[in-house]
Enquirer: 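Have a look at the structure that comes next, please.
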Amino acid sequence: QVQLVESGGGLVQAGGSLRLSCAASGRTFSTVSTGWFRQAPGKEREFVAAIMWSTGTTYYADSMKGRFTISRDNAKNTVYLQMNSLKSEDTAVYYCAADRSTARAMGLKGGTGDFGSWGQGTQVTVSS
């Protein structure tokens with residue numbers, strides 16, 4: 001079992017930036033990829049981006065390209081999501097998930113994917 005803890009959320013003005021962190025512990029050797037997802041009020045959870053631990057290969061939702069950047073620090077077992085030029089529509093709870101599938105596969109499965117482990121989420125609120 002892999003435990004995931006998200007942090008870095010908060011309140012930010014439109015146009016600002018935030019960096020989210022997803023720290024993994026436990027049986028991390030079994031994880032191939034870690035991804036970020038988000039769920040806005042009244043909406044389904046959607047895929048944001050994913051990254052593969054061994055190669056650093058990334059996969060993004062089309063709508064997230066350009067403003068969001070996913071990265072990882074293998075030594076710290078941590079995945080980051082750098083979010084720039086934030087908009088009010090980015091307001092959501094952001095979750096990370098870990099799985100044995102590739103980053104692309106996580107993206108294709110999307111927010112309803114049955115992934116191995118999920119974090120509890122971190123709230124991001126963008127004020128306009």
Enquirer: Determine which pairs satisfy disulfide bond (SG atoms under 2.5 Å apart) with at least one residue from residues 99-128, sequence neighbours left out, and list them in order.
Expert: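 Found none.
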Enquirer: Mind checking what makes side-chain hydrogen bond (donor to acceptor under 3.5 Å, both in side chains) contact with Q123, not counting sequence neighbours?
Expert: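 Q123 satisfies side-chain hydrogen bond (donor to acceptor under 3.5 Å, both in side chains) with T125 only.
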Enquirer: Under the side-chain contact (heavy atoms from CB on, under 4.5 Å) rule, collect the residues that match up with S30, sequence neighbours excluded.
Expert: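 Only V2, R27, R100 meet the side-chain contact (heavy atoms from CB on, under 4.5 Å) criterion with S30.
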Enquirer: Name every donor-acceptor pair, under 3.5 Å, that has one atom in a side chain of residues 101-110 and the other anywhere in the protein, sequence neighbours excluded.
Expert:
{"from": "S101", "atom 1": "OG", "to": "D99", "atom 2": "OD2", "distance (Å)": "2.7"}
{"from": "T102", "atom 1": "OG1", "to": "A105", "atom 2": "N", "distance (Å)": "3.0"}

Enquirer: Which side-chain N or O atoms in residues 7-20 pair as donor and acceptor under 3.5 Å with protein atoms at least two apart or in another chain?
Expert:
{"from": "S17", "atom 1": "OG", "to": "N84", "atom 2": "OD1", "distance (Å)": "3.0"}

Enquirer: Output the rest of the hydrophobic cluster of V5: all Ile, Leu, Val, Met, Phe, Trp and Tyr residues reachable through side-chain heavy-atom contacts under 4.5 Å, sorted by chain and number.
Expert: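 None; V5 is a cluster of one.
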Enquirer: For residues 67-81, run the donor-acceptor check on the side chains, cut-off 3.5 Å, and write out each pair with its distance to 0.1 Å, sequence neighbours left out.
Expert:
{"from": "R67", "atom 1": "NH1", "to": "S85", "atom 2": "O", "distance (Å)": "3.0"}
{"from": "R67", "atom 1": "NH1", "to": "D90", "atom 2": "OD2", "distance (Å)": "2.7"}
{"from": "R67", "atom 1": "NH2", "to": "D90", "atom 2": "OD1", "distance (Å)": "3.0"}
{"from": "R67", "atom 1": "NH2", "to": "D90", "atom 2": "OD2", "distance (Å)": "3.4"}
{"from": "R72", "atom 1": "NE", "to": "W53", "atom 2": "O", "distance (Å)": "3.3"}
{"from": "R72", "atom 1": "NE", "to": "N74", "atom 2": "OD1", "distance (Å)": "3.0"}
{"from": "R72", "atom 1": "NH2", "to": "W53", "atom 2": "O", "distance (Å)": "3.1"}
{"from": "D73", "atom 1": "OD1", "to": "A75", "atom 2": "N", "distance (Å)": "3.1"}
{"from": "D73", "atom 1": "OD1", "to": "K76", "atom 2": "N", "distance (Å)": "3.2"}
{"from": "N74", "atom 1": "ND2", "to": "W53", "atom 2": "O", "distance (Å)": "3.1"}
{"from": "T78", "atom 1": "OG1", "to": "K76", "atom 2": "O", "distance (Å)": "2.8"}

Enquirer: Go through the structure and list residues passing side-chain contact (heavy atoms from CB on, under 4.5 Å) with E44, not counting sequence neighbours.
Expert: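 Listed in chain order: nothing, the list is empty.
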Enquirer: So which heavy atom on V48 is nearest to which on M64, and how close?
Expert: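 Here V48 and M64 meet closest at O-CG, 3.6 Å.
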Enquirer: S25: what forms a side-chain hydrogen bond (donor to acceptor under 3.5 Å, both in side chains) with it, not counting sequence neighbours?
Expert: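 Applying side-chain hydrogen bond (donor to acceptor under 3.5 Å, both in side chains) to S25 gives none.
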Enquirer: Can you list the residues that meet the side-chain hydrogen bond (donor to acceptor under 3.5 Å, both in side chains) rule with T55, with sequence neighbours excluded?
Expert: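 Testing T55 for side-chain hydrogen bond (donor to acceptor under 3.5 Å, both in side chains), a comparison that skips the adjacent residues, returns T57.
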Enquirer: Taking salt bridge (Lys or Arg N to Asp or Glu O under 4.0 Å) as the definition, give me every residue that meets it alongside K65, ordered by chain and number, with sequence neighbours left out.
Expert: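 Scan of K65 (salt bridge (Lys or Arg N to Asp or Glu O under 4.0 Å), adjacent residues dropped) gives D62.
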Enquirer: Does the gap between the ring centers of Y95 and F37 come in under 6.0 Å?
Expert: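 Y95 vs F37: aromatic centres not under 6.0 Å.
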Enquirer: Under the side-chain hydrogen bond (donor to acceptor under 3.5 Å, both in side chains) rule, collect the residues that match up with E46, sequence neighbours excluded.
Expert: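 Scan of E46 (side-chain hydrogen bond (donor to acceptor under 3.5 Å, both in side chains), adjacent residues dropped) gives R38.
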Enquirer: Treating S117 as the side-chain partner and A98 as the backbone partner, does any N or O pair qualify as donor plus acceptor under 3.5 Å?
Expert: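 No, S117 side chain to A98 backbone: no donor-acceptor pair under 3.5 Å.
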